[in-house]
Protein chains: 2
Amino acid sequence: MAPTPAPENSALYRELAMRLRHAISDGTYPPGSRLPSEHELAQSFGMARSTVRRALTILGEDGLIASHQGARRTVLAEPRLQSFGELRSFSRWARSIGEVPGGRVDLLERRGASAVQARELGLAPGDPLVYLVRVRMLTGVPVMIERTAYVERAGLRLSFIDLEHESISDRLEEHGIVFAHAEHTIDAVNASADDARLLEIEPGRAILRERRRATDPQGRPLEWSEDRYVGDGVAFTIRNSLAMSPLTRGRAVSTTGNPP
Amino acid sequence: MAPTPAPENSALYRELAMRLRHAISDGTYPPGSRLPSEHELAQSFGMARSTVRRALTILGEDGLIASHQGARRTVLAEPRLQSFGELRSFSRWARSIGEVPGGRVDLLERRGASAVQARELGLAPGDPLVYLVRVRMLTGVPVMIERTAYVERAGLRLSFIDLEHESISDRLEEHGIVFAHAEHTIDAVNASADDARLLEIEPGRAILRERRRATDPQGRPLEWSEDRYVGDGVAFTIRNSLAMSPLTRGRAVSTTGNPP
DNA sequence: CAGTGGTCTAGACCACGGC
DNA sequence: CCGTGGTCTAGACCACTGA
C-alpha cells in the first residue's frame with residue numbers, strides 16, 4: 001500500500017482514476033490486459049463500489065478501457081494526457097509537447113462586433129469587443145493564424161499582457177476569467193494570399209480551419225475565434241465510443257466567419 | 001404527467017436523459033433557463049437522486065447544460081442529435097439530415113496488409129484483409145472518398161452486401177459485428193489528381209482528411225479508413241468541457257496512410 | 001440560512017460471461 | 001454455476017449559492 005502521496009486537491013474517484021491511469025502507462029495493466037474487478041479495487045483502496053465505478057467511468061470516457069457485462073474490463077490503449085486547458089491554449093499545448101510557443105501580434109484593437117461575431121458571442125452587431133490577430137509559432141516556425149474576438153469583459157485585460165510571450169489563458173484565469181466549455185467546428189479551406197504571407201507558405205495550400213466558441217462555467221460566451229493551421233503540420237484527434245460521442249459531422253453551411 | 005410512452009428498451013436514467021433532451025428542444029427549458037433541482041426531478045419522476053444525477057451527467061457531457069455547486073443547472077444549448085452510429089456510418093448520417101446517401105464502388109478486393117494497415121489493425125504485413133474504395137454522395141453530389149481496410153472477419157461479409165445502396169454498418173451489425181469505439185484523426189491536405197477526378201473538383205482544392213480506426217466492444221480492430229471530404233462541403237463539430245475533453249491536438253507526424 | 005449540487009456509502013437485484 | 005459489470009435505492013455529509 002503506497003502512502004497516499006498527494007491528498008491535496010481532492011475527490012476520491014479522481015484520485016483513483018489518476019492512479020489507474022498511471023498504472024496503465026507504467027505497464028501494470030498494459031493494453032489488452034484486464035483490470036481487477038470493481039469489488040477487488042473497492043476492497044484494496046477502501047472505498048465503495050460506486051466510487052470505484054465512477055473512476056472507471058472516467059477511463060472509459062477517455063477511451064482507455066472497454067467494459068462488458070459479465071467480464072472484467074479490458075485495457076484498450078495508453079493514456080494521452082491532454083487537458084481541456086491544453087486544448088484551448090496554444091501556449092500550454094506547445095509546452096506540453098516540448099516546443100517553445102511563440103506569437104507575433106498582427107492586430108489588436110477595440111472595435112464593433114460584426115454580424116457573425118455578434119451572433120456567436122450573444123451581442124448586438126456593433127457592440128464593442130476586442131479583436132486580436134496573432135501568428136503562432138512552434139520554436140520559431142509559424143504554424144497557425146489566430147483571429148479571436150473577445151467579449152469586453154475578457155478582452156480589456158489583454159492590454160496588460162505581453163502577447164508575444166505570455167499565455168493569455170493563464171493570465172486571464174489569474175483574473176478570474178475561466179474558460180469552461182468550448183464548441184469547435186473543423187473544416188478545410190485553401191490558403192488565401194493573406195494566410196500564405198503570414199504562414200510563409202504558398203497560396204492555395206490546404207489549411208485546417210478551426211472555429212471555436214468558448215464560454216465561462218455559466219455558459220456565457222467569452223471568445224469566438226477562427227484559427228487556421230498549416231494543413232500538414234497539425235491534426236486533431238478524437239476518441240469516442242458507442243455510449244458517448246461528442247464529435248458531430250455537419251454540413252458546412254456558412255462560409256461566413258471570415259475575418260473582416 | 002405524461003403517460004410513459006415507450007417503456008421498451010430500458011434504463012431509467014437513459015429514459016430521463018431523453019425526456020430532458022426533448023424538453024430542452026421543445027422549449028420547455030430554453031437555453032439560458034435553469035433546470036428543476038435534482039430533488040424536484042427525483043420527486044416528480046419517482047426515482048432516486050443518484051439516478052437523476054446520472055441522467056443529468058449525460059446532458060452535461062453533451063455540452064447541453066452547465067452545473068455549479070450551490071446553483072441550479074443552466075441550459076447552455078439545444079441538442080444536436082447525432083449518435084455514434086451516425087458518426088461512423090455515412091448512410092445513417094446522410095439520412096439523419098434528410099439527404100439520400102449514395103455510393104459508387106471504385107475498388108473492392110482481398111489483398112495483403114500494407115505496413116500502415118497492419119500496424120493499425122494489429123496484423124502482420126501481408127496478412128489478408130478486404131480493401132474497399134467508394135465515392136460517397138449526398139443526393140447525387142459526390143462529397144467524400146472512402147478508402148477502408150476491413151479485417152477479414154468483417155470484410156468477408158461485404159460480398160453479400162449491395163455496396164451501392166445499402167448501409168455496410170447496418171448489415172454488419174445484423175451479422176453481429178458491432179462497432180463500439182473509434183479514434184479519428186483529422187487534418188487538411190490538397191486534392192490529388194485522383195481525388196479531384198473522383199470528387200469532380202479541381203486538383204489542389206482543400207480536402208478534409210479523416211483517418212479512423214474503429215474497434216468492436218472488446219477493443220479488437222475492425223476497420224481502418226482514410227476518408228477525404230470536399231473541404232467546403234462538410235465540417236466536424238466537437239463540444240467539450242473542463243472536466244472532459246476527448247479532443248486532442250497533435251502534430252501530424254506520419255503523412256503515411258496514403259492509399260496504396 | 002435554506003436550498004442546491006458534489007461526494008460517498010452500503011446494500012440490493014439483475015443480465016450476462018465464462019468456466 | 002459463481003463472479004462480473006449494469007442499474008437503482010436511501011440516506012449521509014459537505015461546500016457553495018443566492019435571496
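In what follows, every chain begins at residue 1, and chains take the letters A, B, ... in the order their sequences are listed. Here the structure is a predicted model, which means the values were calculated and not measured.
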Distance below 4.0 Å between A/S67 side-chain N/O and D/dG6 OP1 or OP2
yes
Could you state the CZ-P distance from A/R14 to C/dG6, rounded to the nearest angstrom?
11 Å
State which residues pass salt bridge (charged side-chain N to carboxylate O under 4.0 Å, His left out) with A/R34; sequence neighbours excluded, sorted by chain then number.
none
Please name all residues satisfying salt bridge (charged side-chain N to carboxylate O under 4.0 Å, His left out) with A/R220, sequence neighbours left out, ordered by chain then number.
A/D216
N/O contacts under 3.5 Å, protein versus nucleotides 10-15 of chain D?
| unit_1 | atom_1 | unit_2 | atom_2 | d |
| --- | --- | --- | --- | --- |
| D/dA12 | N6 | B/R49 | NH2 | 3.0 |

OP1 or OP2 of C/dC8 sitting under 4.0 Å from any side-chain N/O of A/Y13?
no
By nearest-nucleotide position on DNA chain C, the 5'-leaning member of A/L12 and A/H68 is A/L12
With a non-hydrogen cut-off below 4.0 angstrom, is B/L56 in contact with a base, only sugar-phosphate, or nothing?
nothing
Regarding B/R73 and B/E38, does a basic nitrogen lie under 4.0 Å from an acidic carboxylate oxygen?
yes
Value in whole Å for how far the P atom of C/dT9 lies from NE2 of A/H39:
14 Å
D/dG6 OP1/OP2 closer than 4.0 Å to side-chain N/O of A/R54:
no
The criterion is salt bridge (charged side-chain N to carboxylate O under 4.0 Å, His left out); which residues satisfy it with A/R72, sequence neighbours excluded?
A/E40
Kindly say if A/T51 contacts the phosphate of C/dT7, meaning a side-chain N or O under 4.0 Å from OP1 or OP2.
no
Would you kindly give the CG-to-P distance between A/L16 and C/dC8, to the nearest whole Å?
10 Å
How many whole angstroms separate atom CZ of A/R73 from atom P of D/dG3?
18 Å
Under 4.0 Å between a side-chain nitrogen and a carboxylate oxygen: does that hold for A/E120 and A/R211?
no
Atom CD of A/E38 and atom C1' of D/dC2: how far apart are they, to the nearest Å?
16 Å
Test of understanding: with salt bridge (charged side-chain N to carboxylate O under 4.0 Å, His left out), list the residues that count as partners of B/R157, not counting sequence neighbours.
none
Among all residues two or more places apart in sequence or in another chain, which pass the side-chain hydrogen bond (donor to acceptor under 3.5 Å, both in side chains) test with A/H68?
none
Under 4.0 Å, counting only non-hydrogen atoms across every strand here, what does A/R53 touch: a base, just sugar-phosphate, or nothing?
base
Just compare C/dT4, D/dT9, D/dG5 and give me whichever is closest to any side-chain atom of B/R72.
C/dT4
